[in-house]
Visitor: 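Following this message is one structure expressed as structure tokens.
Just so we're clear, the structure is a prediction, and the values are computed from it rather than from any experiment.
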Amino acid sequence: MADLRRMPSMLCILAPFLLMLLIHGSSAVNGSASNSTFLIGLGSYDITGPAADVNMMGYANTEQLASGVHFRLRARTFVIGELNGKRFVFVNLDACMASQIVTIKVLERLKSRYGDLYTKDNVAISGIHTHSGPGGYLQYVVYIVTSLGFVRQSFDVIVDGIEKSIIQAHENLRPGSVFLNKGEILHTGINRSPSAYLNNPSNERARYKYNVDTDMTLLKFVDNEWGPVGSFNWHATHGTSMGRTNSLISGDNKGAAARFMEDWYEQKRGEPAFIEPEKNGFAYYTNPLRKLYRRISNIIPHADEDLYEIAASLNSTGGRPTTRMSSIVHRVRGSMRHSERPQFVAAFCQSNVGDVSPNVLGTFCIDTGLPCDFNHSTCDGKNELCYGRGPGYPDEFESTRIIGERQFKKAAELFNDATKQLSGKIDYRHVYLDFSKLEVKIQEGHGSREKVIKTCPAAMGFSFAAGTTDGPGAFDFQQGDDKGNLFWRFVRNLLKTPTAEQVECQKPKPVLLDTGEMSQPYAWAPAILPIQILRIGGKQYLTQKLCTETRRCLRLREAIKEVLVTYGKGEFHNNTNVVIAGLTNTYSQYITTFEEYQVQRYEGGSTLFGPHTLSAYIQEFKKLAKSLIDGKKVDSDVSPPDLLDKQMSFLPPVIVDLTPSGVKFGDTKQDISKRGPHKKGDVVEVTFWSACPRNDLMTEGTFALVEMSGADGKWISMYDDDDFCLRFKWSRPSPTSPYSYATIQWEIPKEVSPGIYRIRHFGAAKHLFGSINHFTGTSSAFVVS
């Protein structure tokens, strides 16, 4: 029996969860048309959340408060089922991670709506790990301290968005097929804790070419009638291209990749030739007629000819649309209301991301420009000065675009080449376990002596407070600290002094926060966690689960595969695919290997349940895989708490929004600096008198809009705050001021059509007695040539 302590860690196991998709894979067929083997349905809904005042989840930087939108966040869902049998749901959130209380409340809503059709057993909710989304939606104290407690707006918009995306997917269920493809993608991540990785056995490391997981696994969903309707893929890289001081809500690199892919496919299935692609063959987020084309594609006969005429008109009239163009737009929008064609949904899901950073240029000291210390990621002993650099350095928006684009291009390639059709069973298993006291059998040394140990109540180490090179911590903490210091031990003891048993159990981690033994005013950390397996197909399988560190997750995959091959009665073989999906269903931080835990880098300090956490997960997942093979139901005698009624919030409400005398909400404070001509690549900026975005989240709407003039005086919507080229920035002159401003910046895309444009702002103001009034603002018109 292998020494489970040497099994490499599971990446960012922010939510212990394993998804197992059993895949037939023996047939290679056309990826766009085939006989249906499943029912498939996809959905997508806005979960952007409060764009003001709320602390962002991920970096734990109290000064990182939302103040605008880079682009919107979404919940993307697929439902897959047998034609006359079982089904399951997978939801991918543009959020830092899933939340246990979010999962509990979503399941309650689904039970109310669908009865026992969708339950904890067959619903999985995963996060992409963006560090630029509003926080406050988790239920345990330690995860909502920096957001000043629970933020009901953050929570509600996520729960509502998940429910609505599942409803969409459920109502879109139609016969179709699923195809699998897998490939290697480079230059999207580097190992941010290489010194810990090197502590793994050399013979184990020698098996792999890289110290991060370079795999991308993609599922392509094909409707029998409509053709391809979506794709979900899993690949490991952190959502930290946007830095710890960014204040604009953003899906980071994975959210960007999803937008690029969705736009690309809408063009792919009927893009008119007059929209010039970039040299690399991908013209996606910068297409000025993209939104118009979405409404036209495959809805109106001869739509391409109409758009050619529009383009010719724009060229011949110096950029002003003709009456013909306006009539087409009117006709298109009327027709769109009667269309049943499903939107294309592309999700870029997280995998074993724990120690994988998208800042691929490496780590450097911001004071000297020299590389950081290798073992501790410090600069002259200070962790605050050591930062990773993304490929667009020093522009974090460009780094986000580049890492997102690299993932998108690989996904598009896998999507186009996907020919392995899945067939067979749909199945699932789920169980709750108390990880604070789980008995685990391990083998000591290379002999046959077996020992039973227990996991520990949750605790965070000193190196947790040091942060990472994606977002360093503060004070005098360092990664790799296995001793701690007297001052911070004194501060710790003011909160909770760990017991002698806890100190011994967590060794060599020096306990900074004994969160598992802190229960006032309610639990500080989770103890009861879910593990889950979902299965698609017969001969092969794809599994997903929350994991901590890199390619070492392959050991977990191999352990599961061994169970399937050994006990699967010929149903599984060595080509079975296993995929790890992180941050699902709940959040419980990291899981390192036993060896990495000894080094106590950030990931080791954030492995809550002690040095044998990984062994516990491997043991329990092997049991769950065996129950799937045997067809036996798994029961739990524990369940996680519902702490919603105990939540407290110290985030001040919006009291009132005001404007100076003689000024109305929506008036321009600073108009367009020049009316033209503006060139492609210029940044056009306008500032409006505004109000707090928390008054109305504009869900499935927009705070900002770019419009193009029509010949009849009507304006055509071209870009909104879900576009990569348009940024909505909100600010106050001071933290307590009732006045506020909305600055909208439009970076004119290279492919924009010449014409007359304007920028609009939409908002909602709160009056002193609590009523909410909506307003709009409009800039002067300007020319783009």
Visitor: Are D160 and R109 within salt-bridge range, i.e. N to O under 4.0 Å?
Guide: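 Counted as a salt bridge, because a side-chain N and a carboxylate O are separated by less than 4.0 Å.
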Visitor: Please walk me through it: do S193 and E603 pass side chain to side chain donor-acceptor pair (under 3.5 Å)?
Guide: CA-CA 8 Å; S193 294; E603 293 80 13; 2.6 Å; yes
Visitor: Shortest non-hydrogen contact from Q350 to T237?
Guide: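 Minimum heavy-atom separation between Q350 and T237: NE2-O, 2.8 Å.
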Visitor: Can you see which heavy atom on F728 is nearest to which on A704, and at what distance?
Guide: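 Looking at all heavy atoms of both residues, the shortest contact is CB-CB, 4.4 Å.
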Visitor: My understanding is that only one of T586, T103, T584, L433 makes a side chain to side chain contact (heavy atoms under 4.5 Å, CB included) with P530; could you say which?
Guide: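 It is T586; the other options fail the test.
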Visitor: Where is the tightest heavy-atom contact between T702 and D720, given as atom of each residue plus distance?
Guide: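 That closest heavy-atom pairing would be OG1-CB, 3.4 Å.
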Visitor: Of all heavy-atom pairs between N246 and E396, which one has the smallest distance, and what is that distance?
Guide: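 Shortest heavy-atom separation between N246 and E396 comes out as CB-OE2, 3.8 Å.
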Visitor: Looking at the rings of F397 and F724, which for Trp means the six-membered one, are their centres under 6.0 Å apart?
Guide: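 Centroid separation for F397 and F724: 6.0 Å or greater.
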Visitor: What pairs with C386 under disulfide bond (SG atoms under 2.5 Å apart), at least two apart in sequence or on another chain?
Guide: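 In terms of disulfide bond (SG atoms under 2.5 Å apart), with neighbours along the sequence ignored, C386 is linked to C372.
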Visitor: Is the closest side-chain heavy-atom distance between M518 and V142 below 4.5 Å?
Guide: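 Not touching, per the 4.5 Å side-chain cut-off.
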Visitor: Give a yes or no answer on whether the side chain of S126 reaches the backbone of N92 with a donor-acceptor pair at less than 3.5 Å.
Guide: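 Looks like no, no N/O pair under 3.5 Å.
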Visitor: For H238 and Y590, take the angle between the two ring planes, folded into 0 to 90°, and tell me which bin it lands in: parallel under 30, tilted 30 to 60, perpendicular over 60.
Guide: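 If you compare the ring of H238 with that of Y590, the planes turn out parallel.
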Visitor: Side chain to side chain donor-acceptor pair (under 3.5 Å) between Y597 and Q506: does it pass, once the steps are laid out?
Guide: CA-CA 10 Å; Y597 189 90; Q506 292 281 351; 3.0 Å; yes
Visitor: For A764 versus A691, what's the shortest heavy-atom pair and its separation?
Guide: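 Here A764 and A691 meet closest at O-CB, 3.2 Å.
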Visitor: With a 3.5 Å distance limit and no angle check, can you tell me whether N383 reaches the backbone of P472 through a side-chain donor-acceptor pair?
Guide: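 A pair under 3.5 Å: no.
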Visitor: Is L697 close to T48 at the side-chain level, that is, under 4.5 Å between some pair of heavy atoms?
Guide: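 Sidechains of L697 and T48: no contact.
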Visitor: Within 45° of the ring axis of F364 and under 6.0 Å from its six-membered ring centre, is that where the NZ or CZ of R389 lies?
Guide: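 Verdict for F364: a cation-pi partner in R389.
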Visitor: Enumerate donor-acceptor pairs with a distance under 3.5 Å from any side-chain N or O in residues 520-528 to protein atoms, sequence neighbours excluded.
Guide:
from, atom 1, to, atom 2, distance (Å)
Y522, OH, Q647, OE1, 2.9
W524, NE1, Q520, O, 2.8

Visitor: Specify the closest pair of heavy atoms between Y143 and M57, including all atoms of both residues, with the distance to one decimal.
Guide: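 Here Y143 and M57 meet closest at O-SD, 3.7 Å.
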Visitor: Using a strict threshold of under 4.0 Å (side-chain N to carboxylate O), is an ion pair present between D514 and R492?
Guide: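 Looking at D514 together with R492, the answer is no, because their closest N to O distance does not fall below 4.0 Å.
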Visitor: Side-chain contact, heavy-atom cut-off 4.5 Å: L512 with F477?
Guide: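 Yes, close enough: below the 4.5 Å cut-off.
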Visitor: Does D642 come within less than 4.0 Å of K105, counting only side-chain N to carboxylate O?
Guide: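 Result for this pair is yes, salt bridge flagged.
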Visitor: Hey, what do you get for CG (L583) to SG (C96), rounding to the nearest 0.5 Å?
Guide: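 Rounded to the nearest 0.5 Å, the CG-SG separation comes out at 7.0 Å.
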Visitor: Is there a side-chain contact between R76 and C349 (heavy atoms, below 4.5 Å)?
Guide: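 Not in contact.
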Visitor: Any heavy-atom pair between the side chains of S154 and V54 that's under 4.5 Å?
Guide: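 Yes, side chains in contact.
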